[in-house]
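Notes to accompany the following structure.
Just so we're clear, the structure is a prediction, and the values are computed from it rather than from any experiment.
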Amino acid sequence: MPYSVQSKKTGQTYILHGRETESRGGKRLLYFFAKEAKEGALDALPAGYIVTESEKTGLPLLKRA
């Protein structure tokens with residue numbers, strides 16, 4: 001079951017995803033939320049991160065704790 005968060009402002013459900021990308025420093029893992037489950041959906045919140053919500057848009061944000 002993918003990790004999901006429901007927005008307090010809009011009521012929408014968002015699913016956490018992770019994707020490995022190339023950058024100048026090498027490969028790194030990029031985290032993002034989407035409305036639908038896609039390839040790369042994560043089952044749990046990564047260690048050391050917390051979920052917050054944007055006050056303006058109601059979109060979930062992943063921040064380091």
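Side-chain contact between Glu53 and Pro60 is absent, with no heavy atoms from C-beta onward closer than 4.5 Å. With contacts defined as side-chain heavy-atom distances shorter than 4.5 Å, the pair Tyr14/Lys35 qualifies. In this structure, Gln12 and Gln6 have side chains that are not in contact, with every pair of non-hydrogen atoms separated by 4.5 Å or more.
Residues Gly18 and Tyr31 share a closest heavy-atom pair of CA-CD2, 4.3 Å. The two atoms that bring Ile50 and Ala65 nearest to each other are CG2-CB, 3.9 Å, heavy atoms only. Considering all non-hydrogen atoms of both residues, Glu20 and Lys27 come closest at OE2-CD, 3.0 Å. For the pair Gly58 and Ser7, the tightest heavy-atom approach, listed with the atom from each and the gap, is O-OG, 2.8 Å.
Hydrophobic clustering, with ILVMFWY side chains joined whenever heavy atoms are under 4.5 angstrom apart, groups Tyr3 together with Tyr49. Under a hydrophobic clustering in which Ile, Leu, Val, Met, Phe, Trp and Tyr are joined whenever their side-chain heavy atoms come within less than 4.5 Å, directly or via other members, Phe33 and Leu61 fall into different clusters. Both Leu42 and Leu29 are part of a single hydrophobic cluster, where members link through side-chain heavy atoms under 4.5 Å apart. Val5 and Leu16 fall within a single hydrophobic cluster, where Ile, Leu, Val, Met, Phe, Trp and Tyr side chains are chained together by heavy-atom contacts under 4.5 Å. Grouping the Ile, Leu, Val, Met, Phe, Trp and Tyr side chains by contacts below 4.5 angstrom, directly or via other members, places Leu45 apart from Ile15.
Using a distance-only test at 3.5 Å, with no hydrogens or angles considered, no donor-acceptor pair links the side chain of Lys38 to the main chain of His17.
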